[in-house]
Amino acid sequence: MKIINTMDNPNEKLLIDVEKVLASKNKKLAKRVPKFLYNLLKRIIHQDEINEILLKYGHLEGVDFINKVYEHFNFKITVHGEENLAPDSRYIFVSNHPLGGLDGIILMHFIASKFGDVKAISNDLLTNVKPLKPLFIPVNKYGNMSHEYAENLINAYKSETPILNFPAGLCSRKIKGEVKDLPWRKSFIKRAIDSQRDIVPVYFDGKNSNFFYNFANLRKFLGIKFNFELLLLPDEMFKQLNNSFDIYIGEPIKYESITKEHTYAEWTEIIREKAYNGRYNKTN
């Protein structure tokens, strides 16, 4: 196990400790968990590697932190259709979600490089990662949205900052042998119209391991509702080290063109198809 030197490092307070997290939730349960299970969980979530990143770059926030993480993983991206983007336009980017987090980091890195900043719709739990907090527009997926959350969402859409949204919510699964998103939620359509933002369909070409998809399908087959495969996402992320990705940017859809000719649900499917079909257009 890699030894991390935390001496005199102000970022030490950001470090992850699964034992302390569980103890803070349920002390009795935490005491009953065998040490080997803690060690296994730490390896699965790559606790040491994540803490190394937090120690190195935890003093940074927002786009600066994302850029360092991007460099740390030594990613390379090829963006097709970049010429479709106008620098003075207000956009909401809607993308498939194949990697379940890493694709968000890479897309935020790209969008910020074009527009100087970016915000992403996210699970409110992710705001606990302090360096990422400035980038997220949190929504509560497990209860009613508070007044503060609702106000932050409205203000973000009123701003000039580009917004990234993964309408599927969860990362892609393998369905009938094909890696694809779960159904997209239609809420981004109304948000785009109300805030007068054009919609940019994006296809991110990437996938997780077969083990991840098989595990997810087995969990579903067994009728287990909790998405245990989410615990595997950190491991999937570190498997992508030094990888290259293709990103396909479709032509923006003018918010004025979203008429009552189709319902919001129908428009959602139309835009989803545009995103997926964009991978066949390999123009740089």
[X] to [Y] - nearest heavy-atom pair and separation:
X      : Y      : result
Ala275 : Trp184 : CB-CH2, 4.0 Å
Pro162 : Phe93  : CB-CE1, 3.9 Å
Met108 : Leu164 : CG-CD2, 3.9 Å
Tyr255 : Arg197 : CB-O, 3.4 Å
Leu231 : Ile44  : O-CG2, 3.4 Å
His97  : Gly101 : CE1-N, 3.5 Å

Find out whether [X] and [Y] are in side-chain contact, i.e. whether some heavy atom of one side chain is under 4.5 Å from a heavy atom of the other.
X      : Y      : value
Leu218 : Ile224 : no
Glu273 : Ile270 : no
Leu60  : Pro131 : no
Arg279 : Asp205 : no
Lys130 : Glu61  : yes
Phe188 : Ile92  : yes
Leu233 : Met237 : no
Val200 : Val202 : yes

How many angstroms lie between atom [atom1] of [X] and atom [atom2] of [Y], to the nearest 0.5 angstrom?
X      : Y      : atom1 : atom2 : result
Arg185 : Thr268 : CZ    : OG1   : 11.5 Å
Ile193 : Ile258 : CD1   : CD1   : 5.0 Å
Leu55  : Ile50  : CG    : CD1   : 12.0 Å
Lys186 : Arg272 : NZ    : CZ    : 15.5 Å
Lys207 : Lys174 : NZ    : NZ    : 6.5 Å
Asn227 : Leu170 : CG    : CG    : 5.5 Å

Has [X] got a side-chain atom pairing as donor or acceptor with [Y]'s backbone, closer than 3.5 angstrom?
X      : Y      : value
Asn208 : Pro98  : yes
Trp267 : Thr259 : yes
Arg191 : Leu153 : no
Asn96  : Phe204 : yes
Asp117 : Ala112 : no
Asn243 : Leu241 : no
Glu236 : Ser209 : yes
Gln47  : Val18  : yes

Show every side-chain hydrogen bond (donor to acceptor under 3.5 Å, both in side chains) that has at least one partner inside residues 159-173, sequence neighbours left out.
Ser172-Asp181, Arg173-Glu229
Between Glu19 and Lys35, does the salt bridge (charged side-chain N to carboxylate O under 4.0 Å, His left out) criterion hold? Intermediate values first, please.
CA-CA 9 Å; Glu19 294 184 52; Lys35 191 72 175 178; 3.1 Å; yes
Has Lys158 got more than 12 heavy atoms of other residues, nucleotides or ligands less than 6.0 Å from its NZ?
no
Tell me whether Phe226 at atom CZ has more than 12 heavy atoms from other residues, nucleotides or ligands lying less than 6.0 Å away.
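Correct, the count exceeds 12.
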Can you list the steps and then say if Asn51 with Leu54 is a side chain to side chain contact (heavy atoms under 4.5 Å, CB included)?
CA-CA 5 Å; Asn51 283 340; Leu54 291 173; 4.0 Å; yes
Same cluster (ILVMFWY, side-chain, under 4.5 Å), [X] and [Y]:
X      : Y      : value
Phe245 : Phe238 : yes
Leu37  : Leu41  : yes
Val179 : Phe211 : yes

Can you name the side chain to side chain donor-acceptor pair (under 3.5 Å) partners of Asp194, sequence neighbours left out?
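If we apply the side chain to side chain donor-acceptor pair (under 3.5 Å) test to Asp194, skipping adjacent residues, the hits are Lys190.
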Parallel, tilted or perpendicular, as decided by the 30° and 60° cut-offs, for the rings of Tyr248 and His80:
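Because their plane-to-plane angle is under 30°, the rings of His80 and Tyr248 count as parallel.
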Arg219 to Phe228 six-membered ring, cation-pi geometry met (6.0 Å, 45°):
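That pair does not qualify as a cation-pi contact.
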Counting only pairs under 3.5 Å, give me each side-chain donor-acceptor contact of residues 62-75, with atom names and distances, residues two or more places apart or in other chains.
residue : atom : partner : partner atom : Å
Asn67   : OD1  : His109  : ND1          : 2.8
Asn67   : ND2  : Val63   : O            : 3.4
Asn74   : ND2  : Asn242  : OD1          : 3.0

